Amino acid sequence: MLRLEDRITQVTVEGMQALYGAGIDSKQVPLQRTRKDLNGDFTLVVFPLLRYSKKSPEETATELGGFLQEKIEEISDFEIVKGFLNLYVSNEYWSQFFASVFAAPRYGQVQLDDSSEKYVIEYSSPNTNKPLHLGHIRNNLLGFSVSRLVKAGGKKVEMVNLVNDRGIHICKSMIAWKKWGDDATPESIGIKGDRIVGDFYVLFDKHYRSEIKTLVDNGMSEEEAAKKAPSILEAQEMLRKWELNDPETISLWEKMNQWVYKGFDETYRKLGISFDKIYYESQTYKLGKELVEEGLKNGHLIRKDDGSVWADLTGDGLDEKLLLRSDGTSVYMTQDLGTAHQRFAEYKFDKQIYVVGNEQIYHFKVLSLILNKLGYAWSDKLYHLSYGMVELPEGKMKSREGKVVDADDLIAEMVANAEVISQELGKLDDFPENEKADIYYRIAMGALKYFILKVDPQKTMLFNPRESIDFTGNTGPFIQYTYVRIRSVVRKAKEKGLNVDYSFDKNLELDPREVNLLKTVYTYPELLQDAGKQLSPAMIANYVYELVKEFNTFYQHIPILKEADLAKRGFRLALSNFIANHIQESMLLLGIEMPERM
RNA sequence: GGCCUCAUAGUUCAAGGGAUAGAACAGAAGUUUCCUAAACUUCAGAUUCAGGUUCGAGUCCUGGUGGGGCUACCA
C-alpha cells in the first residue's frame, strides 16, 4: 500500500501541472505532519509554490486543497491557516491503517535477505589495564544499539570488538603487581580481575609521580624526569621483553589479561551487550607493516634518513603522519591500516563503522586518507561514528588518578536505587525475591541506558552521579511503567474472560486521542529508517517517549475495559496491546528490556 | 598558532529551513471510592552576540565571545 503521504505528494505534483501548468518535482513538495497543537493531519506549505501559481498563498492553498480533496478520497476536508494548507484525513483511513499493522510482528523493521548489505560495526575496544567506566558505557550502549538499528534497517551486521591488550600501559600494571602485589589474585583477595589490574595501574602512576617529583627536586627538568624515572624505564624494558617473547613476561601478561577478560565479561553481561567476534591487538598489531612496505615500493609513502616511514598528507591540508618508527616498529595507525585491510578481506563489507570517541576524529580521517593513497577503493566504506565525552560536574574523568565513575559501581548503585524506590511504592511486596531482583535490574538498566542513549551521540554529555538519573519523567522507567500498565490491562481482560475481539469496522468512531496515537505510529517506519541511516538511537528514544506520553493521556482519560460499546472496547484493547508490543520492540533496539510488572 | 566541534528555561535534554521553540527535573497549584498516582491536569520560565542569505532562520553562511577536542617515533 502506497503511503498516504506519498499519494498526497504525487497528487500535488499533478495539481501543480493541472492548475498552473507547472512541472515540479516531488522533492519540491513541502509536505509535513501538522503541528500537534493545530487541527489537521498533514500540512502542505504553499509558500515555495507561489512562484509557480503566481497567486496569493490563500488562493493557491484553496485551489490545491480542492484538487487534493477531489482526487484523494481519504482527505475529508482542508483548512487554510496563515497560508498553510492543513489537510484532514478521514478517521476511516486511520482505522484502516491500524487494521493493516496491528498484527504485524516487528512493525517498521526491514527483513533481511541475500541481497542485504553487510555492515561491520566495531565498538567497545577497551584497554586491558583498567576496569570499564562511564565513558565505556556510552560506547558500549551506543555500539550495541546502533548495531540493532542498522539491522532493523535491513542490513546484515557483524559486531566486533578489538581489544587493546598490549602496550606500555599494560606493562605498567604488570610492573606494579610484580613489585607491590604480594602475589595477590582476584580469588585470593576477592576483587574483580579488571579492578585489581586497574588498581595496580593507579599504584604505578602514584610511584611514578613521586619519582618524578624527587628527580625534579634534585634539579632535573620535568620533561627529563618523566623520561628518566626508574619506574618508566622498567616499564619500557618490560615492553621490549614482551616483544621479544620473553616467557616470564608473556606468562604474567597472559595471567593478568585473563583476570581482566573475566571481569569484562561480567560487566558486558550486566550491560546486556555482546559481540560476534573479538580481535586482540597483540595478534593484529604487526599487520600493517606489509601494507606500508608495499606503499613505499609504489612510491605512495616516503622513508626519511633515519629509516622512519611517513605518509605525506600536506597535499590534503594535513601534516605528515608517521607509519613506522626509525627502529622499524609499528604505531597505532599502522595497526589500524592492517586491521582494516584484514577486515575487508574477511567480510567484504559494504560499510565498516568504528564506534570511537570524538577525540579520535583526526585519527580516522587520516586512516581513510592513507588507505585511499595506498589505492584501496574501499577506503570510503569506513565510517567513524564519533561520540562526545561524558563529563562529571568536576570535569573530565581521569583513570590514572582514579577519578572515574566505575561501570560496575554505577550499575550496582542504580539497582540499589531501583530497589529503594520500588519498596517505597510497595507494589512488589508479595513477589518472590528472585523475581524482584530481576525487576530491579531491568528498571535500573532501563534508567541508565535510556539516560545515555536519549542524548544525541555527537554531544558531550554531563553526568552528575547524585542527580542525573531519575526514575520519573522522561526516563526509561517511565516508559517501562506505561508498558507494565498496558500488560496489566490485557491480563485483566483475560482474567475476566471478556470478549475482546477486534476487527476492522469502517464506521468505528475514534477519539482524537486515539487518532493521535495512530498518527504517531504511522510515522515510525520512516523514522526507524532515518535513525538507522543516521546511526542515532536518540531518535528512537525520543519517538518512544512521545508515543508513551500520548498513550498515558489516552489511558488516563478514556476507559478501556469499562467501555460498554463492545466494538470500541475491542479496538481500544487491540490498540493498547499493539502499543505495548511496539514499545517493547522499539526499546529492544536500545537494548532496554521491559519488566512485566513493577 | 592551525584544524574540528558544541552553545536553547535555574538544571538535563528535544525541535527533518516552516506556524505560538517542545519535554523532564527543580518551583507553584490540583486529580485516587474507578483498567498500577513510577501516572495525569494546570501555572511560571530559554534560542551566546553582531551581521548576512531566504517569503520564512534555533536550524544555512561570515565574524566575535565562551566551553570541549585534536594537532606524539602513546594507544
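Order of the sequence lines fixes the chain letters, A, B, ..., with proteins taken first and strands second; residue numbering starts at 1 for each chain. Since we're looking at a predicted model, the values are computed, not measured.
Because its NZ or CZ atom is both nearer than 6.0 Å to the ring centre of A:W310 and within 45° of the ring axis, A:K304 counts as a cation-pi partner of that residue. Annotation: cation-pi pair A:R166/A:Y285 present, NZ/CZ under 6.0 Å from the ring centroid and within 45° of its normal.
With B:C73, B:A7, B:A39 as the choices, the nucleotide that has an atom nearest any side-chain atom of A:L322 turns out to be B:C73. In this structure, the nucleotide among B:U36, B:G18, B:A19 sitting nearest to the side chain of A:Y481 is B:U36. For A:K562, whose side chain is taken as the heavy atoms from C-beta onward, the closest listed nucleotide among B:C35, B:A39, B:G22 is B:C35. The side chain of A:Y332 lies closest to B:A75 when the candidates are B:A75, B:A19, B:A39. The side chain of A:Y362 lies closest to B:C70, out of B:C70, B:U36, B:U20. In this structure, the nucleotide among B:C4, B:U20, B:A75 sitting nearest to the side chain of A:R325 is B:A75. Taking only side-chain atoms of A:S326, from C-beta outward, the nucleotide of B:C40, B:A14, B:C73 with the closest atom is B:C73. Among B:C6, B:U36, B:A75, the nucleotide with an atom closest to any side-chain atom of A:N164 is B:A75. Across B:A37, B:A19, B:U71, the shortest atom-to-atom separation from the side chain of A:D319 is found for B:U71. Out of B:C40, B:U71, B:A19, the shortest distance to the side chain of A:F478 is found at B:C40.
Nucleotide B:U71 holds its P atom 12 Å from the CG atom of A:L318, rounded to whole Å. Computed from coordinates, the A:Y555 OH to B:A37 C1' distance equals 10 Å when rounded to whole Å. The CG-P distance, from A:N358 to B:C4, rounds to 15 Å in whole Å. In this structure, A:K227 places its NZ atom 10 Å from P of B:C74, rounding to the nearest Å. Note: CZ (A:F463) to P (B:U11) measures 19 Å, nearest angstrom. One interatomic measurement links the two molecules: CD1 of A:I560 to C1' of B:U36, which rounds to 12 Å at whole-angstrom precision. The interatomic distance linking A:Q556 (CD) with B:G30 (C1') rounds to 13 Å, in whole Å. The distance from atom CD of A:E359 to atom C1' of B:G68 is 11 Å, rounded to the nearest whole Å.
Counting non-hydrogen atoms under 4.0 angstrom, A:M598 reaches a base of the nucleic acid. Within the 4.0 angstrom heavy-atom criterion, no nucleotide atom of any strand lies near A:L85. The residue A:N129 sits apart from the nucleic acid: no heavy atom pair falls under 4.0 Å. Using a 4.0 Å heavy-atom criterion, one finds that A:L50 contacts no nucleic acid atom at all. Among the protein residues, A:R597 comes within range of the nucleic acid bases, having at least one heavy atom under 4.0 Å from a base atom. When heavy atoms are screened at a 4.0 angstrom cut-off, A:D306 is found touching base atoms of the nucleic acid. Residue contacts for A:Y545: at a heavy-atom cut-off of 4.0 Å it reaches the sugar-phosphate backbone alone, with no base atom in range. Residue contacts for A:L323: at a heavy-atom cut-off of 4.0 Å it reaches no nucleic acid atom on any strand shown. Among the atoms of the strands shown, none is found under 4.0 Å from any heavy atom of A:K365. Here A:V331 lies in heavy-atom contact (under 4.0 Å) with sugar-phosphate atoms only. Counting any heavy atom pair closer than 4.0 Å across all strands shown, A:V455 reaches sugar-phosphate atoms only and no base atom. When heavy atoms are screened at a 4.0 angstrom cut-off, A:I421 is found touching base atoms of the nucleic acid. Using a 4.0 Å heavy-atom cutoff across all strands shown, A:T43 reaches at least one base atom of the nucleic acid. A:H557 comes within 4.0 angstrom of sugar-phosphate atoms only, judged by non-hydrogen atoms across all strands, and of no base.
In this structure, A:E550 pairs ionically with A:K36, as a charged nitrogen and a carboxylate oxygen lie closer than 4.0 Å. In summary, A:K519 and A:D41 engage in a salt bridge, as defined by a charged side-chain N under 4.0 Å from a carboxylate O. Looking at A:E237 and A:R240, a side-chain N of the basic residue comes within less than 4.0 Å of a carboxylate O on the acidic one, giving a salt bridge. Ion pair A:R569/A:D565 not flagged as a salt bridge, since none of the NZ, NE, NH1 or NH2 atoms sits closer than 4.0 Å to an Asp/Glu carboxylate oxygen.
Of the C1' atoms belonging to B:G45 and B:U8, the separation is 13 Å, rounded to the nearest Å. Nucleotides B:U59 and B:G18, compared at atom P, are 11 Å apart to the nearest Å. Taking the C1' atom of each, B:A44 and B:C49 are spaced 27 Å apart, rounded to whole Å. Distance noted for atom P between B:A23 and B:U62: 34 Å (whole Å). Across the C1' atoms, B:G58 and B:A21 are found 7 Å apart, a figure rounded to whole Å. B:G1 sits 29 Å from B:U11 when the P atoms are compared, rounded to a whole Å. Here, B:U48 and B:A39 have their P atoms 30 Å apart, quoted to the whole Å. With C1' as the reference atom, B:U47 and B:A37 are 35 Å apart, rounded to whole Å.
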Query raised in the report: What do the steps show when you test A:L410 against A:L134 for side chain to side chain contact (heavy atoms under 4.5 Å, CB included), and what is the final call?
Result: CA-CA 8 Å; A:L410 179 59; A:L134 189 51; 3.6 Å; yes
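Glycosidic conformation, B:U32: syn, with the torsion inside 90° of 0.
Using a 30° and 60° split on the angle between ring planes, A:F47 and A:F84 fall in the perpendicular class, above 60°.
Side-chain contact, A:N257 with A:T128: a donor N or O sits under 3.5 Å from an acceptor N or O. No side-chain N or O of A:S308 forms a donor-acceptor pair with one of A:S326 less than 3.5 Å apart.
Residues A:M445 and A:Y440 fail the side-chain proximity criterion, which asks for heavy atoms closer than 4.5 Å.
Put simply, the side chain of A:D165 and the base of B:A75 share no donor and acceptor less than 3.5 Å apart. Interface remark: the A:T460 side chain does not form any donor-acceptor pair with the B:C6 base, using a distance-only criterion of under 3.5 Å.
Mapped onto RNA chain B by nearest heavy atom, A:E281 and A:D530 fall at different nucleotides, with A:D530 at the one closer to the 5' end.
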Query raised in the report: In B/S/- notation, 5' to 3', how is nucleotides 55-60 of chain B contacted by protein heavy atoms closer than 4.0 Å?
Result: B-----
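Within the shown strands, B:A39 is the pairing partner of B:U31 under the Watson-Crick or G-U definition, both distances less than 3.5 Å.
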